[in-house]
There are 2 protein chains.
Amino acid sequence: MTPKSRTARKSARVSADHRERSFDVAYRKLRELIVRGRLAPGSRVVEADIARRLEISRTPVRSALHRLQQEGYVVAYRTTRQARLAVAPLTKEDSHELYWIVGHIEGLAGRLLAQQDADSRARVVERLLAGNAELSKLAQSGGGDPSRIFDLDMGFHQVLVDSAAGPRLSAIHAAIKPQTERYWRLYASAITDQLGKSVEEHARIIEAIERGDADAAERAIQLNWQLGAERLARVIESLGERGSW
Amino acid sequence: MTPKSRTARKSARVSADHRERSFDVAYRKLRELIVRGRLAPGSRVVEADIARRLEISRTPVRSALHRLQQEGYVVAYRTTRQARLAVAPLTKEDSHELYWIVGHIEGLAGRLLAQQDADSRARVVERLLAGNAELSKLAQSGGGDPSRIFDLDMGFHQVLVDSAAGPRLSAIHAAIKPQTERYWRLYASAITDQLGKSVEEHARIIEAIERGDADAAERAIQLNWQLGAERLARVIESLGERGSW
DNA sequence: GACTCCTTTTTTGTATACAATCGCGGATTC
DNA sequence: GAATCCGCGATTGTATACAAAAAAGGAGTC
């Protein structure tokens with residue numbers, strides 16, 4: 001019964017014949033569970049449990065877990081012949097490494113973007129300005145729900161990468177960047193307080209891209225993430241590590 | 001018969017009870033086949049074929065292929081419900097993106113290294129100097145077999161990463177860096193001609209690390225890879241793309 | 001009570017069966 | 001001859017059975 005009774009397939013979507021591979025479903029759902037914190041940092045991950053929970057067999061779950069492990073959402077301990085997996089803990093050291101890596105990856109994308117021709121840059125700059133203006137509004141009004149802020153910030157960085165990065169850079173960014181959301185969520189309230197600073201940093205990024213200054217663009221993006229890591233570290237320091245175990 | 005007759009296991013290594021998971025064996029062997037060019041760039045990769053060739057079942061082969069795909073050794077086309085895999089082609093654009101990414105990843109490691117205390121740095125510098133001296137000797141004598149040169153160069157970069165990078169940075173580097181070997185091998189003769197330049201660039205990296213100048217160290221490492229990409233691009237230009245299809 | 005040894009249970013890794021999908025070639029039609 | 005459709009072999013994705021390994025528990029000993 002567990003793995004979706006096979007006869008009941010005709011009842012699936014008729015029009016959008018768009019059946020996703022269970023592998024992808026498992027990956028997406030698991031990643032979401034981890035990022036949203038519904039799977040606690042440090043907690044064991046057992047293939048059979050996940051399979052039951054998602055109502056699929058262990059096979060696609062295993063594939064998804066392998067990928068999540070390689071990307072860093074899940075870590076293995078006792079890595080002898082049989083691996084035991086756990087949700088990656090959230091620590092100050094890890095957040096530091098993670099933010100610096102993302103800063104460098106995105107910084108490289110920004111460099112490539114700043115090297116594009118003026119027309120392409122202008123189109124991107126327009127979109128970046130629009131997004132950052134929204135953020136600025138929320139920063140000044142003080143309120144605004146965290147998830148909206150997060151979406152806007154994510155959009156900003158996504159535009160950077162999408163408009164300049166090649167397949168490799170995009171893939172690395174797509175694999176790593178979402179992990180910053182785990183830290184963001186954990187300390188959301190404290191971070192959104194300092195939203196104004198981030199908006200200001202974004203403005204400098206946009207300026208550098210607009211005038212086609214690749215070095216400056218890269219440095220500005222790195223600085224944004226570097227300062228973000230410092231802000232996060234201070235919050236972690238004052239609140240204590242919530243997710244190490 | 002194909003998947004290793006199960007009864008014949010007692011005959012395996014008696015002392016070193018170190019049975020590697022077939023998953024890991026498959027990953028290692030496949031990666032080696034691709035890097036050494038024994039699986040041609042652009043050629044189809046069929047699970048069952050690999051399984052037969054390695055004398056294991058499709059299950060571990062699939063796991064290995066998933067990982068290789070995520071790392072970029074293998075690419076998927078027709079990515080609808082059924083993926084079809086092929087060995088990643090070697091192109092000028094890809095080499096450019098790859099080298100820049102590696103330069104940034106290693107550059108970050110170099111930055112961290114330059115920030116360590118003077119004692120740690122001195123120990124690392126010593127190892128780097130030794131390796132680079134060997135390279136310099138080979139560069140001046142002109143001869144020297146390419147694989148020795150490659151090993152020395154790889155060792156140099158490996159020391160950089162191992163002595164400073166955290167788990168995430170190390171993992172990314174370990175996944176991506178070996179792919180540069182594919183390009184190296186393809187144009188080995190032309191590259192080794194210019195070995196002297198690379199040795200000189202390494203020397204600047206070592207200097208920066210020695211005096212603890214993080215910015216300079218990072219820039220020097222990036223420059224080494226950036227110039228490497230340019231040297232490679234010139235060679236590809238003159239010889240034509242050998243592995244695109 | 002702490003330790004060791006052994007048994008039982010849980011969990012992972014591998015092989016294999018089967019179903020869904022894809023791709024290619026050949027037959028058919030105009 | 002070119003285009004279209006059909007059907008069959010090739011290939012991938014999923015489920016499941018089983019074996020190896022690790023962990024958990026329990027009896028016995030000191």
Side-chain angles (χ1 to χ4, degrees), chain A residues 1-13 16-30 43-69 74-87, chain B residues 1-14 16-30 43-70 74-87:
Chain A
M1 178 228 292
T2 324
K4 169 179 292 189
S5 59
R6 185 160 302 175
T7 54
R9 187 165 330 103
K10 271 290 167 53
S11 72
R13 298 289 192 64
D17 190 14
H18 161 298
R19 280 164 289 184
E20 211 180 351
R21 327 222 274 300
S22 341
F23 165 93
D24 294 316
V25 177
Y27 172 79
R28 202 163 33 76
K29 290 193 175 175
L30 270 176
S43 64
R44 279 290 326 267
V45 175
V46 176
E47 294 176 5
D49 292 350
I50 306 288
R52 264 193 304 277
R53 188 161 173 173
L54 268 53
E55 295 188 330
I56 54 181
S57 81
R58 276 179 55 213
T59 309
V61 172
R62 267 181 79 78
S63 302
L65 284 177
H66 270 138
R67 184 167 164 194
L68 289 166
Q69 182 187 349
V74 157
V75 293
Y77 58 96
R78 288 285 188 273
T79 174
T80 34
R81 273 157 293 194
Q82 282 198 348
R84 300 292 148 117
L85 300 181
V87 178
Chain B
M1 178 227 293
T2 324
K4 171 180 291 191
S5 58
R6 184 160 303 175
T7 53
R9 186 162 333 103
K10 271 291 168 54
S11 73
R13 298 289 192 64
V14 185
D17 190 15
H18 165 295
R19 280 163 288 185
E20 212 179 349
R21 327 221 277 299
S22 343
F23 163 94
D24 294 317
V25 178
Y27 172 79
R28 203 163 33 76
K29 290 193 176 174
L30 271 174
S43 64
R44 278 291 326 268
V45 175
V46 176
E47 294 176 4
D49 293 350
I50 307 288
R52 264 194 303 278
R53 189 160 170 173
L54 267 53
E55 295 187 329
I56 54 180
S57 80
R58 277 179 53 213
T59 309
V61 172
R62 268 181 78 77
S63 302
L65 284 177
H66 271 138
R67 184 166 165 194
L68 290 166
Q69 181 187 348
Q70 200 190 7
V74 156
V75 293
Y77 57 95
R78 287 287 187 271
T79 173
T80 36
R81 272 157 293 193
Q82 282 197 348
R84 299 292 148 117
L85 300 181
V87 177

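Each chain gets a letter, A, B and so on, in the order its sequence line appears, and its residues count up from 1. Nothing here was measured: the structure is a model prediction, and the numbers come from that model.
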Steps toward side chain to side chain contact (heavy atoms under 4.5 Å, CB included) verdict (B:Asp24, B:Arg21): CA-CA 5 Å; B:Asp24 294 317; B:Arg21 327 221 277 299; 3.1 Å; yes

Side chain to side chain contact (heavy atoms under 4.5 Å, CB included) between A:Ile50 and A:Leu30, worked out: CA-CA 8 Å; A:Ile50 306 288; A:Leu30 270 176; 3.8 Å; yes

Sidechain-backbone polar pair: A:Arg44 side chain, A:Leu85 backbone, donor-acceptor under 3.5 Å: yes

From CA spacing to verdict: side chain to side chain contact (heavy atoms under 4.5 Å, CB included), A:Val45, A:Leu65: CA-CA 9 Å; A:Val45 175; A:Leu65 284 177; 3.8 Å; yes

Protein-to-nucleotide contact annotation, 5' to 3' order, nucleotides 6-13 of chain C [B base; S sugar-phosphate only; - none; under 4.0 Å, heavy atom]: -----BBB

A:Val61 versus A:Glu47, closest heavy-atom pair with distance: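 It is CG1-O, 3.9 Å.
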
Residue pair B:Ala83 / B:Ala76: nearest heavy atoms and the distance that separates them: CB-CB, 4.4 Å

Paired and unpaired positions of DNA chain D as dot-bracket, Watson-Crick or G-U wobble under 3.5 Å, | denoting a partner strand: ||||||||||||||||||||||||||||||

Between C:dT14 (C1') and B:Leu54 (CG): distance, integer Å: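 Taking CG of B:Leu54 and C1' of C:dT14, I get 14 Å after rounding.
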
Euclidean distance, atom CG of residue B:Leu65 to atom P of D:dT11 [Å, nearest integer]: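 Rounding to the nearest Å, CG of B:Leu65 and P of D:dT11 are 14 Å apart.
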
Side chain to side chain contact (heavy atoms under 4.5 Å, CB included) evaluation trace for A:Glu20 with A:Arg28: CA-CA 11 Å; A:Glu20 211 180 351; A:Arg28 202 163 33 76; 2.8 Å; yes

Distance-only donor-acceptor check, side chains B:Gln82 and B:Arg84, under 3.5 Å: yes

Short side-chain N/O contact to C:dT14 OP1/OP2 from B:Thr59, under 4.0 Å: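 Answer no for this pair, as no side-chain N or O of B:Thr59 is under 4.0 Å from OP1 or OP2.
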
